[in-house]
Protein chains: 2
Amino acid sequence: MTDTKQTKIQLKNRQRIMDAALEIFSTYGYRGSTIEQVAQAAEMSKSSVFYYFGSKTEIYVALLTKTIDGWLEPLKQLDENGDPSKEIWAYVERKLEMSRNNPKASRLFANEILHGAPNIMNILKGDLKPLLDEKCLVLKKWIEQGKLVNVSPHHLIFMIWAATQHYADFEVQVDALIEGCADRDACFNEAEATLRTIFLNGLLPR
Amino acid sequence: MTDTKQTKIQLKNRQRIMDAALEIFSTYGYRGSTIEQVAQAAEMSKSSVFYYFGSKTEIYVALLTKTIDGWLEPLKQLDENGDPSKEIWAYVERKLEMSRNNPKASRLFANEILHGAPNIMNILKGDLKPLLDEKCLVLKKWIEQGKLVNVSPHHLIFMIWAATQHYADFEVQVDALIEGCADRDACFNEAEATLRTIFLNGLLPR
DNA sequence: CAATACATTGACCAATTGGTCCAGTTTTTT
DNA sequence: AAAAAACTGGACCAATTGGTCAATGTATTG
């Protein structure tokens, strides 16, 4: 897809559009966003946007597929030869870090899934599922070795996804309901401490 | 608001519209839904929909506010005089049950929050926050009495919300990634067992 | 410098859609 | 049964919006 050579301007402007589109699509959803908004955020005319991308859908799908690799990465790093507790906690930390550093991407995905994942169902079943199944086998092994309590590996992973992505997807709710935390960092630190306590204590056999 | 007397037909048709609107709005989001779709789902003409509701927004807001009470209910039931573990687990169960029985309502809220909660921010801050703060004081008391591990009460609640609502909001992802479960009930039962193990084990001091 | 490819945008088009209006129908009331 | 009220939906309107196109501007290259 990205094989044809591109000028500096093309590269720069396509990037500008993608950045703007992430901002807009993650905030208003696909149907709720207009190309005019994206164009304004990218500081160019609507026509220019269509010069670089063929359609609204093309931009949206490009965004989704571009960020999905980064989405799979944290799980890939789960090492079956490492210490179970350390590995799982490291995974939770990576996921939480993603919610902290790139909440827009998280919301973009959440939106897509919420609406039935019409554009990324093939990626879910084609890339994510095999990876997930593979890592769940590792968890299963750890459980059988008595290193973790006996839970469903798949649902444990779901729980980690849910608990970490919550801070990106429901950010405005979290912000509205918490006032004690001095700032965003303090809030994330408290979240991290709570997740660490519950996951590590919860997964360690007694 | 609902003080003026209504005929049987009004009551029935308004309900038909609300049901249809929940179906449509929860699937496609506010901007992604059209009144025509709602009308079709309610088996009446678009004009008739506008006869019963003044605008698209009015239907949407009516839906949100109508279901929000049911949303607060489970947390209200958390009893400070009960056994901490039992109370928290009962709360998790109630929340999970809501995801199972009314996933559309969950997705409707998720959508609204994801887009910045423009229509329910006042409810979040006005009704939910005081209730949440109150119950967090109860959790704090339990922690100080050494009945629970030391975590941030607010973040514990967030974790419960995230882990339970995930099964409604990300239903299509869960369905796409799990094949082992025979049916929907079996999946929820496995989820429940996993949540029980981690939360109860995780919250109990050693 | 001239020719050519690349880049930019305002004007325009057609489809969609929230919402109105009114003429006709059904239900309720007297 | 007649009058009044409630209900229904087809036709229509105006605003929005995804997308096109031709005209103009700007690099790049021989």
Side-chain angles (χ1 to χ4, degrees), chain A residues 1-64 108 111-112 115 118-119, chain B residues 1-64 108 111-112 115 118-119:
Chain A
M1 281 301 162
T2 57
D3 47 354
T4 51
K5 63 181 172 189
Q6 302 194 6
T7 63
K8 288 261 174 76
I9 291 183
Q10 277 174 347
L11 227 53
K12 187 194 68 176
N13 280 351
R14 285 179 71 94
Q15 191 56 51
R16 278 244 302 279
I17 293 170
M18 292 285 268
D19 291 345
L22 176 59
E23 172 74 33
I24 301 299
F25 282 134
S26 70
T27 305
Y28 304 104
Y30 177 74
R31 289 288 301 272
S33 305
T34 72
I35 296 294
E36 182 62 43
Q37 283 178 293
V38 174
Q40 263 186 285
E43 292 177 302
M44 61 182 76
S45 71
K46 193 176 71 165
S47 301
S48 287
V49 173
F50 278 110
Y51 176 74
Y52 290 103
F53 289 89
S55 68
K56 182 182 181 183
T57 304
E58 190 182 314
I59 302 176
Y60 181 67
V61 173
L63 254 190
L64 281 174
L108 188 80
N111 231 309
E112 171 71 7
H115 293 14
N119 297 289
Chain B
M1 282 300 161
T2 57
D3 48 353
T4 51
K5 64 182 172 189
Q6 302 194 7
T7 62
K8 288 261 174 78
I9 291 183
Q10 277 174 345
L11 227 53
K12 188 195 68 178
N13 280 351
R14 285 179 70 93
Q15 190 56 51
R16 279 244 303 277
I17 292 170
M18 292 285 268
D19 290 346
L22 176 59
E23 172 73 32
I24 301 298
F25 281 134
S26 70
T27 305
Y28 304 104
Y30 177 73
R31 289 287 301 271
S33 305
T34 72
I35 296 295
E36 183 62 44
Q37 283 179 292
V38 174
Q40 263 186 283
E43 292 178 303
M44 61 182 76
S45 71
K46 194 176 70 166
S47 303
S48 287
V49 173
F50 278 110
Y51 177 74
Y52 290 102
F53 289 89
S55 68
K56 183 184 180 183
T57 303
E58 189 182 316
I59 303 177
Y60 181 66
V61 173
L63 254 191
L64 280 174
L108 187 80
N111 231 306
E112 171 70 7
H115 293 12
N119 298 288

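Letters A, B, ... mirror the listed sequences (proteins, then strands); counts begin at 1.
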Phosphate contact ([N] OP1 or OP2) by [X] side-chain N/O below 4.0 Å:
X: A/R31; N: C/dT17; value: yes
X: A/N13; N: C/dT8; value: yes
X: B/Y51; N: D/dC7; value: yes
X: B/S48; N: D/dC7; value: no
X: B/Q10; N: D/dA6; value: no

Distance, rounded to the nearest Å, where [X] contributes [atom1] and [N] contributes [atom2]:
X: A/Q40; N: D/dT17; atom1: CD; atom2: P; value: 11 Å
X: B/R14; N: D/dT8; atom1: CZ; atom2: P; value: 13 Å
X: B/I59; N: C/dT17; atom1: CD1; atom2: P; value: 15 Å
X: A/K12; N: D/dA27; atom1: NZ; atom2: C1'; value: 13 Å
X: B/K8; N: D/dA5; atom1: NZ; atom2: C1'; value: 18 Å
X: A/Y30; N: D/dT17; atom1: OH; atom2: C1'; value: 11 Å
X: B/E36; N: C/dA15; atom1: CD; atom2: P; value: 17 Å
X: A/F50; N: C/dG10; atom1: CZ; atom2: P; value: 15 Å

Between the base of D/dG10 and the side chain of B/S47, is one N or O donor paired with an acceptor at under 3.5 angstrom?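 Answer is yes: a donor-acceptor pair is held.
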
I'd like to know if A/K46 reaches the base of D/dG19 with its side chain, counting only an N/O donor and acceptor under 3.5 Å.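 Answer yes: a donor N or O sits under 3.5 Å from an acceptor.
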
Describe the nucleic acid contact of [X] in one word from base, sugar-phosphate, nothing, applying a heavy-atom distance below 4.0 Å.
X: A/S45; answer: base
X: B/S33; answer: sugar-phosphate
X: A/Y52; answer: sugar-phosphate

Crowding at OH, B/Y28 (>12 non-hydrogen neighbours, <6.0 Å):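 12 or below, so no.
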
Ignoring hydrogens and geometry beyond distance, is a side-chain donor-acceptor pair present between B/E112 and B/Y60 at under 3.5 Å?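 Judged by distance alone, the side chains do pair up.
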
Side-chain donor-acceptor contact under 3.5 Å, B/T57 with B/Y30: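 There is such a pair between these side chains.
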
Starting at the 5' end of DNA chain D and moving along, which residue's nearest nucleotide shows up first, A/T34 or A/G54?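 It is A/T34 whose nearest nucleotide is closer to the 5' end.
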
Any donor and acceptor pair, going by atom type alone, linking the side chain of A/Q37 with main-chain N or O of A/T34 inside 3.5 Å?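 Such a contact is found between A/Q37 side chain and A/T34 backbone.
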
B/K56 side-chain N/O to B/S33 backbone N/O, donor-acceptor pair under 3.5 Å: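 Yes, the answer is positive, given that a donor and an acceptor are paired below the 3.5 Å cut-off.
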
